[in-house]
Amino acid sequence: MIVEIQCLPQPPGTAESRWAHVEAAIAEVQSSGLRYEVGPLGTSIEGEPDAVWALLRRVHEACLTSGADGVVSVIKVEQSRRSDEQPTIGDLVDKFR
């Protein structure tokens with residue numbers, strides 16, 4: 001499964017760190033052990049569905065735990081019923097690099 005998550009915390013950070021709450025969400029992804037790519041407007045994550053769905057919740061909640069007043073998360077999901085047909089992040093973007 002491949003997902004992209006964009007967290008939109010309010011506020012996005014603190015006076016000391018402009019993007020602190022977004023960075024807390026990214027830190028949760030980094031600690032997951034799953035393959036990921038951080039982009040300018042969202043983070044793509046690849047893995048088994050149970051691991052990815054659980055991570056999405058932790059990423060969303062990381063913004064609140066870090067002190068955001070609220071957060072909206074936008075999630076896109078790509079999943080194939082057959083695992084042999086499931087593309088990887090590389091399959092979808094490597095030719096553009």
Side-chain angles (χ1 to χ4, degrees):
M1 152 183 267
I2 299 173
V3 301
E4 181 179 70
I5 185 167
Q6 177 188 32
C7 294
L8 302 166
Q10 287 299 320
T14 64
E16 298 79 32
S17 179
R18 183 176 179 188
W19 307 108
H21 308 313
V22 173
E23 290 169 3
I26 293 170
E28 191 68 38
V29 174
Q30 291 173 317
S31 70
S32 73
L34 297 177
R35 181 158 190 253
Y36 69 93
E37 292 188 10
V38 175
L41 298 176
T43 299
S44 297
I45 305 162
E46 177 181 311
E48 292 300 315
D50 287 344
V52 172
W53 286 116
L55 177 60
L56 292 173
R57 180 176 183 171
R58 293 194 313 270
V59 169
H60 175 85
E61 290 176 348
C63 294
L64 298 170
T65 302
S66 71
D69 294 331
V71 62
V72 171
S73 292
V74 179
I75 299 168
K76 293 189 246 179
V77 178
E78 197 293 332
Q79 183 177 14
S80 176
R81 193 164 30 126
R82 293 182 41 180
S83 61
D84 62 328
E85 293 180 359
Q86 182 64 49
T88 65
I89 291 172
D91 291 338
L92 299 176
V93 298
D94 281 352
K95 72 179 184 178
F96 301 106
R97 293 185 173 148

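Since the structure is predicted, the reported quantities are computational estimates derived from the model, not experimental observations. Computed over heavy atoms, backbone and side chain alike; hydrogens, waters and symmetry mates excluded.
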Spatial distance of atom CD (Q6) from atom OG1 (T43) [nearest 0.5 Å]: 9.5 Å
Have a look at I2 and tell me which of L92, V77, D91 forms a side chain to side chain contact (heavy atoms under 4.5 Å, CB included) with it. L92
Minimum-distance pair of heavy atoms, taken over all atoms of S66 and A24: CB-CB, 3.6 Å
Looking only at atom types and distance, does a side-chain atom of S32 sit under 3.5 Å from a main-chain N or O of V29, one as donor and one as acceptor? yes
For E23 and S17, the nearest pair of non-hydrogen atoms, with its separation, is OE1-OG, 3.7 Å
Between the CG atom in D69 and the CD atom in Q10, the distance rounded to the nearest 0.5 Å is 8.5 Å
Could you tell me if the side chain of H21 sits less than 4.5 Å from the side chain of T14, heavy atoms only? yes
Joint hydrophobic cluster, V38 plus I5, side-chain heavy atoms closer than 4.5 Å: yes
List the atom pairs, with distances to 0.1 Å, where a side-chain N or O of residues 46-56 and a protein N or O form a donor-acceptor pair under 3.5 Å, not counting sequence neighbours.
| unit_1 | atom_1 | unit_2 | atom_2 | d |
| --- | --- | --- | --- | --- |
| E46 | OE1 | R35 | NH1 | 3.4 |
| E46 | OE1 | I89 | N | 2.6 |

Establish whether Y36 and V22 are linked, either directly or via other cluster members, by ILVMFWY side-chain heavy-atom contacts under 4.5 Å. yes
Between OG of S73 and CZ of R57, what distance do you get to the nearest 0.5 Å? 12.0 Å
Quick one: do V59 and I75 end up in the same hydrophobic cluster if we chain Ile, Leu, Val, Met, Phe, Trp and Tyr together by side-chain heavy atoms under 4.5 Å apart? yes
Hey, is CZ on R81 packed in by over 12 heavy atoms from elsewhere, all under 6.0 Å? no
Does Q86 use its side chain to pair, donor to acceptor, with the backbone of S80 at less than 3.5 Å? yes
Check C7 against V71 and note the closest heavy-atom contact, atom names and distance. CB-CG2, 4.3 Å
Taking CZ in R58 as the centre, count heavy atoms belonging to other residues, nucleotides or ligands within less than 6.0 Å. Is the count above 12? yes
S31 side, atom OG; I26 side, atom CD1 - distance, nearest 0.5 Å: 12.0 Å
